[in-house]
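The basis for the numbers below is simple: all heavy atoms, side chains too, and nothing from hydrogens, waters or symmetry mates.
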Amino acid sequence: MEEKREKKIGVYICKGCGIDEAVEVDKFEEVATKEMKAPVYKTHNALCSPGGIDLIKSDIEGEGVNTIVVTACSPRIKHKEFTFPGCVVERANIREFVAWTQEPKTEDTQALAEDYVRLGVSRAKSADLPEPFLLDETEMSVLVVGGGISGMSSALGAADAGYNVALVEKSEALGGWAKKMYKQLPQSYPFESIEEPTINATIDKVNSHDKIKVFTSSEVEKIAGVPGQYDVSIKTNGGSEQFKSGAVIMAAGWRPYDVSKLDHLGAGNPNVITNMQMEEMAAKGKITRPSDGKEAKRVAFIQCAGSRDVNHLPYCSSYCCLTSLKQAAYVREKNPDAMAFILYKDMRTPGQYELFYKSIQHDPGVMLTKGDVTGVSEAPGGSVYVSLKDTLLGKEIKIEADLVVLATGMVPNSRIDVEELAEWKAKFDEKLKASGGQPDPNAPLEPHKVPNILKLDYKQGPELPVLEEAYGFTDSNYICFQYESRRTGIYTAGSIRQPMHMMGSIEDGMGASLKAIQIVEATKNGYSVHPRAWDQTYPEVNLQKCTSCKRCTEECPFSAIEEDEKGTPFHKMSRCRRCGTCLGSCPERVINFKDFSINMISTLFKDMDIPEEGMRIVALACENDAYPALDAAAFNRIRINSAFRFISVRCLGNLNLAWVADALSKGIDGMILLGCKFGENYQCHFVRGSELANERLGKVQETLGRLMLESERVKLLQLSIQDYDKLPGLLNEFADEIEEMEPNPFKEF
Amino acid sequence: MSEHEKNILVIGGGISGLTTACEAAEAGYNVVLVEKDPFLGGRVTRLHQYFPKLCPPACGLEINFKRIRFSDRITYYTMAEIEDISGGPGNYNVTVKARPRFVNDKCTACGACAEACPVEVPNDFNAGLSMRKAAYLPYEQAFPMQYVIDEGACKKGDCTACKDACKYDAIDLDMKPDTLAIEASAIVLAAGWKPYDASKIDNLGFGTSKNIITNVMMERIASLSGPTQGKITRPSDGKEAKKVAFVQCAGSRDENHLAFCSAVCCLASLKQATYVREQYKDSEVTMYYIDIRTPGTSYERFLNKIKEDEKVKLIKGKVARVHEDPATGDVIVEAEDIYGGSKIREPFDLCVLATGMEPMISGVKLPSDVKINENGFAVMGKDQKGIYAVGCAKDPVDVAKSVQSATSAALKAIQTVGRLS
């Protein structure tokens, strides 16, 4: 190994943007050079200007400076200017945190700015350049589970981009539900008429692609390993096969809602069929009523059959309105004398599919009626009556039909069986009623329980975690990051992710494919993927000091930490997203990044100036939301109490209780933690960072009790990036609370 | 393969273009992103919250901007538009014209230029509901964090107040337009949308009363960085808007205006109903709709949650007319209650027209093989090669679907470029 090079620190102070007017910059020199022992110290009127950058560059070349403390503005700006390859760069933010938020030229303001110089140098001393984590070999291929339209789209997507694909389908043939379709929805403008299916062409393309290996009648037996190096075992045609894969796409699809549950809509009557049965019938030939084979001249479609119904599927299945419109076209195409009735709650044909809706609506043989179906009963001569209330006419009506089609919804295959679900829900509601509660129709319908699709050999369970409110769909929690996955390297596509129609599934399959390609390329080059894209640091563990308490293995949001035979945890590094939740969970402080560690932050408390007089509060701020909110407050020149020293962290999940003890035993009067909203609709991009910090704080009383300090000295705030107007007020309030307490008695030591 | 041949050009820096750029770059490809506004982020930067999570767009944007900052594979140009595209898949030659910003990279965002600037003009970021200087930062969390001088508003030769105030030599009032030549293998069209011009819908009264506003204006009014710092008031007199009407399909699903469904307006109005209800406990909201379109899981859940609030009335009814009562400034909504069968005539403090999306791709100079349909969306054939439309350039979609679409467009683009390793 190359010998660690000697650090040479240069401290560069910017005097621009109001800094010179707010503080005595000249006094920083003593702090930087005498106290913090930085050998090089320079000031500049505008450090980000070409002159300022040249000043730093000439020191890198001439003086051998390799560790740079830019004491200027927020690290969120001028990133390009202050990037010096091969050098550690720390940014001490005295523009936003001092010049723009403090009263100029007071003792407190000066003390605050000097502290930021100390913290900057201190952090720079602890930080090292990253060395990427690289696998011995990265498998540049993709496993796709599910051979329906989404899975095939994923497979073709990756294969056409040059990656090898293994496609595993449990049935005998590719095609999934799309193969059962008589015709398909229009796929392009003018979106007016139904089209001949294109699924066979897609199947042929997949089967003949030289980069795709298709396994039909096959199932995954086990997926072990890491992105870039998955060990996949499959059961195929009675035998089994093993191979390696770089990434996984789960496109295991959906099943129609169990129609037997819909007896209130006539299920059981032979002339009441589902939309999928309608596809099969249309594909075979004439549209008839099953009871006697008579041609069906009046066909009624009941929309939301099971969907948008708290007793069945509380969600909208998204595809059924369009499917019934398509099938109404079958009815009219097969027999121009036949009539189709579509009975709906709301017609949902978003986007340009509105044009398809209009074109069907214009057909006088298709009647659309808004209403709630109140009953389906047998009519004389083998017909069926459908009763409707709340129609646009404002009265109850009854439609006689030869055939009724129930537009049944989608159940993702990642959801447990409906039978089991109903039982669970009934028990749950009973229990709730017994305890005096009211069943919540919007309550999640299932515990975290999913069937066997991926069979991951992962500490935190064999399948992808499902959001409580997602009804079993493996959806992302983030609007702006649709392919966000809690199992790095494993992405989900199509109607197992969200209910969607065929065109949506094709697009979704390709999106997941891009993510799969991304993870293998990132793994190969030792980068993290979203949300810390391009990060080359990774958690390094001093295993000698690990006590195998396993907290890290439980708290890792991505199941990136496993245990060896002896029960010692170890990181499966390419699963890691570099959030540092493990760093916060470790009581032995043995997990560290090159540029961020427990000791680095603890050392900041040591290096801070804590006088006997004067309040000091440390604020740990999430770098994605709280920190930008502080910058925005500063941009608006909102005053913040000068007691605060802001320290950015990757996520509040980094909070290690050692920090609380270390800070308060040094005489720091209070500590505030600024993180994201948790709970339902959580906003933490590392899933539970702020929530875990909050849980850890539950134990802080013990720590503080040992120090004979009030537990109110430590507080957590949940906020969003947009709360910059409220944030200064909340901080100042906390400062007032701390002020009311006695100064921290440890100051004297 | 030389470096430039690996380029993917993304036209438009809104959520679709940003996502395409980041996703493709993170798969190892070089991306050039061209945006016509002085900042990245597009329309979503103007939103107060996203449906259905009611979370701030700035949170995801912060991550996306960081993805750009930390990437050496993305080059972006603001205030830049396409002049010409020639060549074909694998070897496009693109001419881009960049308008002068009059502020160079030395800008520190200190704000002295705006403070000194004597010219005030309506703030287009706030839909004209507030004023801004001719030297300005588009909004407080803008990326890039760099001021800009509004060429149309600046007094030019007569005034050098901004230049005099700038200590960093960042103002260059003689800056000229720049022409850039970009070589790319694939092009992604992410030109986005603009709100449909509500004044074209005669019966809904937009322009006849300040208290008849569009949904985009409502986002600005509810937003902390907006004209009222988030206080929901009516523009005519600043009175608290406690009784608010939403008129759905204002222009959309109407062959005289936009034949398609704009796909976001139902959810946007439901979301804006929560803004009002959250701010004033004694507020009332009425939404007039044709169909409520909240497809999928979380959107339907969001609708159900709002339905529980008895102060939010959802009425299926076609709005016949909206006009102001000059005596009170109230807005009168006349509608037909399709369920009740009666005629409604109801006064409100504020009426929000849920105006739809007008695609902007037809404003981009494209090669002749890219077809634009009558609705203004790019037509993507099954065998489309080289140029791909994404997000609202292709179909009206919300943010979630834009992201999905952008990720798949990134895949198509990298397929065209070819595998790197």
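A donor-acceptor distance shorter than 3.5 angstrom exists from the side chain of B/Arg293 to the backbone of A/Met347, with no hydrogens or angles considered. Between the A/Ser318 side chain and the B/Gly296 main chain, a donor and an acceptor come within less than 3.5 Å of each other.
Of the atoms belonging to A/Met500, it is side-chain heavy atoms, and not backbone ones, that fall under 4.5 Å from chain B. Residue A/Ile53: no heavy atom, backbone or side chain, is found under 4.5 Å from chain B. Proximity to chain A is absent for every atom of B/Ser298, based on heavy atoms less than 4.5 angstrom apart. Residue contact with chain B, scored on non-hydrogen atoms closer than 4.5 Å, is absent for A/Tyr353. Of the two parts of B/Tyr299, neither the backbone nor the side chain holds a non-hydrogen atom closer than 4.5 Å to a non-hydrogen atom of chain A. Using a 4.5 Å cut-off between heavy atoms, A/Cys73 makes no contact with chain B at all. In this structure, chain B has no heavy atom under 4.5 Å from any part of A/Tyr319. In this structure, chain A has a heavy atom under 4.5 Å from the side chain of B/Val379, while its backbone stays farther away. With a 4.5 angstrom heavy-atom cutoff, A/Glu623 touches chain B via backbone and side-chain atoms both. Of the two parts of A/Arg76, the backbone and the side chain both hold a non-hydrogen atom closer than 4.5 Å to a non-hydrogen atom of chain B.
Of all non-hydrogen atoms in B/Gln415 and A/Asp160, the two that sit nearest each other are NE2-CB, 3.4 Å.
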Would you sort out whether B/Cys55 and A/Tyr478 count as a side-chain contact (heavy atoms from CB on, under 4.5 Å), showing the intermediate values? CA-CA 10 Å; B/Cys55 54; A/Tyr478 308 101; over 6 Å; no

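Ion pair B/Glu115/A/Arg637 not flagged as a salt bridge, since none of the NZ, NE, NH1 or NH2 atoms sits closer than 4.0 Å to an Asp/Glu carboxylate oxygen. Note on A/Glu507 versus B/Lys394: salt bridge recorded, some NZ/NE/NH1/NH2 to OD/OE distance being below 4.0 Å.
For A/Glu195, the CD atom sits in a packed shell: over 12 heavy atoms of surrounding residues, nucleotides or ligands are nearer than 6.0 Å.
There is no side-chain donor-acceptor pair under 3.5 Å between B/Gln141 and A/Asp631. For the residue pair A/Gln352 / B/Asp395, a side-chain donor-acceptor distance below 3.5 Å is found, with atom types taken as modelled. Residues B/Glu140 and A/Asn636 bring a donor and an acceptor atom of their side chains to less than 3.5 Å of each other. Under the 3.5 Å distance criterion, with hydrogens and angles disregarded, a donor-acceptor pair is assigned to the side chains of B/Glu23 and A/Gln518.
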